[in-house]
Amino acid sequence: MNNIYKGLDLDRIVKIHAPATVANMVCGFDILGFAVNEPYDEMQIRFSDKSGITIINDDEYNLPTEPEKNVAGAALIAMMDEIETGFGFELTIKKNIKPGSGVGSSAASAAGAVVAANRLLNDRFDKENLVRFAMNGEKLASGVKHADNIAPCIYGGVTLIRSIFPLDIVALNAPTLFVTIVHPQIEVKTSDARSILKHKVLLKDAIKQWGNIAGLVAGLLQSDYELIGRSLEDVIIEPVRSILIPGFDLVKQKSKEAGALGGGISGSGPSIFMLSKDEATALVVEKEMKSIYEKLGLDHHTYVTTMNHHGVQFVS
Ligand code: HSE
């Protein structure tokens with residue numbers, strides 16, 4: 001047996017679930033995100049006799065299988081660059097998180113792949129390094145490295161990305177929160193949603209924004225639902241991006257009237273998320289969302305779920 005494989009179980013198959021994530025958390029563009037329990041991607045990985053990375057799609061999305069064009073492949077390539085060569089991986093991906101939906105589909109693929117491969121390698125890399133590898137998938141998908149989907153997907157819960165160069169990730173405690181998500185069936189590419197953003201902000205807007213970010217973090221840590229609700233306000237990104245999402249203002253207004261604490265665009269959209277204190281409210285919010293999109297005649301999909309506190313989960 002080659003030394004590279006010393007101590008590894010070459011016949012092992014690792015199966016994982018990689019959760020969807022909500023990036024930005026309204027006011028924290030590129031620096032805040034959280035994981036949810038539904039939906040999630042299913043993946044399995046094993047060592048392969050073939051060198052390099054073999055990707056098998058087990059879903060309807062026809063995503064590229066060339067590793068360098070696939071977000072999971074790009075993340076694995078970054079990981080393999082830091083280990084002795086000689087390994088091959090065979091990765092099977094069943095995506096349940098629709099690409100381009102705004103709930104971290106590419107992050108789930110990239111993060112799930114490196115967490116699963118790391119288990120085959122007897123967990124040689126820590127979570128921060130896994131985030132670093134997985135960000136290469138985000139770079140491929142959106143043109144920019146950002147960790148606000150990747151970090152919560154790997155760590156679970158709410159994560160604050162204080163910095164990506166160098167990486168500085170803070171896992172935040174949060175009270176019980178119910179999450180309602182509506183995905184109007186249109187596609188918004190993250191790269192497009194980023195390209196329309198203004199590059200300069202007014203100082204008065206920046207002051208409002210960092211007040212909200214600090215308020216949201218304090219509200220989460222102190223389980224202060226009112227403070228969380230008041231802080232879910234974005235005066236910089238939302239006014240620009242929300243025009244890409246039909247019904248956005250109405251969804252926000254009706255959800256809050258139904259008792260939601262607040263919410264906004266999930267990642268770069270088109271999904272919209274709302275946070276509620278209890279499940280009953282989250283279900284009423286779902287009803288409001290459905291009724292709005294039915295009236296608009298726009299196909300949509302909804303989820304009522306909770307925050308996921310464990311991140312990528314091993315199934316075997
Ligand atoms: N923070 C990123 C953005 C998340 O809003 O562009 C993309 O999912």
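Keep in mind it's a predicted model, so treat the numbers as computed, not measured. Order of appearance sets the numbers: ligands from 1, and atoms from 1 within every ligand.
Checked for salt-bridge contact, Lys145 and Glu138 miss the test: no charged N lies under 4.0 Å from a carboxylate O. For the pair Lys256 and Glu288, the salt-bridge criterion is not met [side-chain N within less than 4.0 Å of a carboxylate O].
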Would you mind listing each N/O atom of ligand 1 next to any protein N/O under 3.5 Å, plus the distance?
| residue | atom | partner | partner atom | Å |
| --- | --- | --- | --- | --- |
| ligand 1 | 1 (N) | Asn24 | OD1 | 2.8 |
| ligand 1 | 1 (N) | Asp30 | OD1 | 2.5 |
| ligand 1 | 1 (N) | Asp148 | OD1 | 3.4 |
| ligand 1 | 1 (N) | Asp148 | OD2 | 2.6 |
| ligand 1 | 5 (O) | Asn24 | ND2 | 2.8 |
| ligand 1 | 5 (O) | Arg241 | NH1 | 2.7 |
| ligand 1 | 5 (O) | Arg241 | NH2 | 3.4 |
| ligand 1 | 6 (O) | Arg194 | NH1 | 2.7 |
| ligand 1 | 6 (O) | Arg241 | NH2 | 2.9 |
| ligand 1 | 8 (O) | Asn149 | OD1 | 3.0 |

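Looking at His17, Lys95, Lys94 one by one, the single match for side chain to side chain donor-acceptor pair (under 3.5 Å) with Asp41 turns out to be Lys95.
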Show me, pair by pair, the donor-acceptor contacts under 3.5 angstrom made by side chains of residues 73-80, not counting sequence neighbours?
none

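Ring orientation note: the planes of Phe273 and Phe34 are nearly perpendicular, at an angle over 60° on the 30°/60° scale.
When only modelled atom types and interatomic distance are considered, Thr302 and Glu286 share a side-chain donor-acceptor pair under 3.5 Å.
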